[in-house]
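Order of listing sets the numbers, starting from 1, for every ligand and every atom in it. Remember, it's a predicted structure, so these values are computed and weren't measured experimentally.
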Amino acid sequence: MAERDLTRLDADAGTRQNLWTKQFASKRRAPGAPRRCGTEWYTRLVYRFGTPSVTLDARSSTAARACSLSAETAPTPRRPPPASMLRLDRVTLREIRLTLKEPFRISSGVESERRIMLIELTDANGAHTWAECVAFPRPNYTPETIDTAFLAIREWLAPRLFGKPLPGAYVVHDILARDIRGHNMAKAVLEMGCWGLQAEIERRSLSALLGGTRTRVPTGISLGIQPEPRLLVERAVAAVAAGYRKVKLKIQPGQDLEYVRAVRAALGPEVEIMADANAAYTIDDADHLRRLDDCDLLMLEQPFGADALLQLAELQKRLRTPLCLDESIIDVSRARDMIALDCGRIINIKPGRVAGFSASKAIHDICQAANIPVWCGGMLESGIGRAYNVALASLPNFSMPGDLSPSARYWARDIVIPEWTMDEDGLVHVPHDKPGLGVAIDTDFIESLTVRKEELRGTGSAMSVA
Ligand code: OSB
Ligand code: MG
């Protein structure tokens with residue numbers, strides 16, 4: 001299917017965010033020069049985080065800094081920022097448990113029952129939405145866990161947002177980033193929830209609010225490590241028959257070449273296949289990994305640890321297969337490093353891993369300028385997390401199929417209505433004609449799955465409800 005068929009240019013809403021970032025890009029601040037605010041539409045925002053007061057400048061946002069890398073942008077007409085104001089009044093955190101239809105094994109562990117944190121955000125005017133934190137129960141993918149996310153949101157992050165008039169979700173990233181290191185997944189659920197809330201308030205789709213241009217996004221499947229190649233081949237064949245556009249195979253030392261070769265042999269040369277090691281190898285395995293070149297993989301994802309950028313660069317020199325980085329890319333700065341070092345040629349963007357949508361969009365933009373394709377990764381999300389990922393994947397440089405499997409692939413019953421589906425061409429439809437997340441939330445079902453619930457309010461004190 002022609003790429004053109006998948007895209008829709010939304011001349012008004014869809015490009016607004018891009019116009020901002022282009023505006024930023026054309027007004028670069030010299031290193032060390034004070035931040036100025038000059039454009040007529042720009043509002044200087046002062047927030048007090050106790051004493052002393054801290055000035056947050058929208059131009060200092062991650063998106064702005066990232067885009068200053070790529071200054072070859074055309075002058076664009078100036079537009080006012082959206083008039084909407086967010087004022088967060090209440091955040092309800094909860095944990096639900098959802099059993100996966102089949103355990104999902106990666107090199108560092110297995111998930112069988114997904115412990116998922118969901119949050120509800122309520123605005124002072126009563127607007128309301130849901131968001132999902134993607135942290136796992138154990139720190140095997142990144143250092144965060146669902147329990148560290150509860151702590152970080154309750155103690156440090158949510159209190160920063162309560163009761164403050166925010167001109168839009170785009171300011172939240174920097175508010176949460178200031179002097180709080182890490183905890184990206186905890187930051188992301190709040191930040192993305194604010195984008196969801198803004199979309200709700202403006203009665204626009206989340207995709208339109210982000211600047212999405214696609215009405216349908218191509219989908220790939222991620223297949224967990226299987227006890228033997230035959231079982232992996234069975235799943236890969238079924239996935240292609242179902243319409244998936246890309247097949248990702250989890251690998252680890254001892255369960256790699258043989259598995260990937262078997263799948264390539266079964267699927268033939270045309271199907272896009274990739275492998276993901278989730279950081280299971282070291283540079284000592286370089287000669288072994290080179291043998292994957294014969295399998296004609298679309299990419300090899302995260303063979304080494306998140307911080308091993310120089311070793312990844314060394315491997316990329318020796319490999320024809322492009323490397324894709326997942327765990328390594330925790331912010332815009334790492335994406336820049338990847339490009340500069342040529343230690344990866346594709347990025348898997350997971351908004352939870354990079355602290356939310358502002359950073360995701362900024363990474364998307366610098367990759368677009370550098371001709372680096374991106375695609376949207378998955379974290380075995382429920383239908384709520386999926387709504388956010390589908391909206392993000394509708395941005396133009398998400399040019400490769402994302403890990404956006406439909407609900408029925410993971411769950412006997414999802415927590416959204418309608419459930420997420422994929423058509424026979426492997427496309428997920430972006431609900432761009434519906435406001436907010438584009439799906440209804442099955443609150444009764446969520447209530448029945450809830451094992452823990454906490455309500456946070458502006459007073460700063462957490463109230464434990466269940
Ligand atoms: O590396 O993308 C990964 C699942 C758990 C931990 C890490 C990863 C994954 C996936 C899941 O690949 C993809 C999906 O959500 O379908
Ligand atoms: Mg990965």
How far is atom 15 (O) of ligand 1 from its nearest protein heavy atom, and which residue and atom is that?
L380 N, 2.9 Å
Checking side-chain contact (heavy atoms from CB on, under 4.5 Å) for the pair L206/H432: CA distance, chi angles, key distance, verdict?
CA-CA 8 Å; L206 189 55; H432 59 89; over 6 Å; no
Listing by chain and number, what protein N/O/S atoms are under 2.8 Å from the Mg ion (ligand 2)?
D276 OD2, E301 OE2, D326 OD2
Using side-chain heavy atoms (C-beta onward) and a distance below 4.5 Å, is C324 in contact with L300?
no
Residue that, paired with D403, satisfies salt bridge (charged side-chain N to carboxylate O under 4.0 Å, His left out) out of K248, K250, R386
K248
At a 4.0 Å threshold, what atoms of ligand 1 neighbour a non-hydrogen atom of I106?
6 (C)
Heavy atoms, side chains only, cut-off 4.5 Å: are Q198 and L209 in contact?
yes
Counting non-hydrogen protein atoms only, what is the nearest one to atom 14 (C) of ligand 1? Give residue, atom name and distance.
Y410 OH, 3.4 Å
Can you pull out the closest protein heavy atom to atom 9 (C) of ligand 1? Residue, atom name and distance to 0.1 Å, please.
K250 NZ, 3.6 Å
Should K248 be listed as contacting ligand 1, given a heavy-atom distance under 4.0 Å as the test?
yes
Heavy-atom side-chain proximity of P418 to V439 below 4.5 angstrom
yes
So, using side-chain hydrogen bond (donor to acceptor under 3.5 Å, both in side chains) as the criterion, who are the partners of R203 when residues are at least two apart?
E200
Can a cation-pi geometry be assigned to R413 and F445, taking NZ or CZ under 6.0 Å from the six-membered ring centre and within 45° of the ring axis?
yes
Residue D326 vicinity, atoms of ligand 1 by number, heavy atom under 4.0 Å:
1 (O), 2 (O), 3 (C)
Atoms of ligand 1 under 4.0 Å from any heavy atom of N278, numbered from 1 in the order shown, are 1 (O), 3 (C), 7 (C)
Please work out which of the three classes, parallel, tilted or perpendicular, describes the rings of Y388 and F357, given edges at 30° and 60°.
tilted
Residues at least two apart in sequence or cross-chain that pass side-chain hydrogen bond (donor to acceptor under 3.5 Å, both in side chains) with R90, listed by chain then number, are none
Counting each atom of ligand 1 from 1 as listed, which ones have a heavy atom of F136 under 4.0 Å away?
5 (C), 6 (C)
Ligand-side contact atoms (ligand 1) for residue partner Y141, heavy atom cut-off under 4.0 Å
7 (C)
Starting from atom 11 (C) of ligand 1, find the nearest protein heavy-atom neighbour and note its residue, name and distance.
G378 O, 3.6 Å
For atom 4 (C) of ligand 1, grab the closest protein heavy atom and report residue, atom and distance to one decimal in Å.
F104 CE2, 3.5 Å
Could you pull out all donor-acceptor pairs under 3.5 Å where a side-chain atom in residues 257-268 meets a protein atom, sequence neighbours excluded?
from, atom 1, to, atom 2, distance (Å)
Y259, OH, Q226, O, 3.2
Y259, OH, P227, O, 3.1
Y259, OH, Q255, NE2, 2.9
R264, NE, C295, O, 2.9
R264, NH1, G268, O, 2.9
R264, NH1, V271, O, 2.9
R264, NH2, V271, O, 3.4
R264, NH2, C295, O, 3.4
R264, NH2, D296, O, 2.8

With a cut-off of under 6.0 Å to the ring centre and 45° to the axis, is R452 in cation-pi contact with F150?
yes
Report yes if E327 has an N/O atom closer than 3.5 Å to an N/O atom of ligand 1; otherwise report no.
no
Can the positive tip of K187 be found less than 6.0 Å from the middle of the six-membered ring of W156, inside 45° of the ring normal?
no
Hey, does D331 have a side-chain heavy atom less than 4.5 Å from the side chain of V354?
no
Among non-hydrogen protein atoms, atom 12 (O) of ligand 1 lies closest to S222 OG, 2.9 Å
For atom 2 (O) of ligand 1, what is the nearest protein heavy atom, given as residue, atom name and distance?
K350 NZ, 2.8 Å
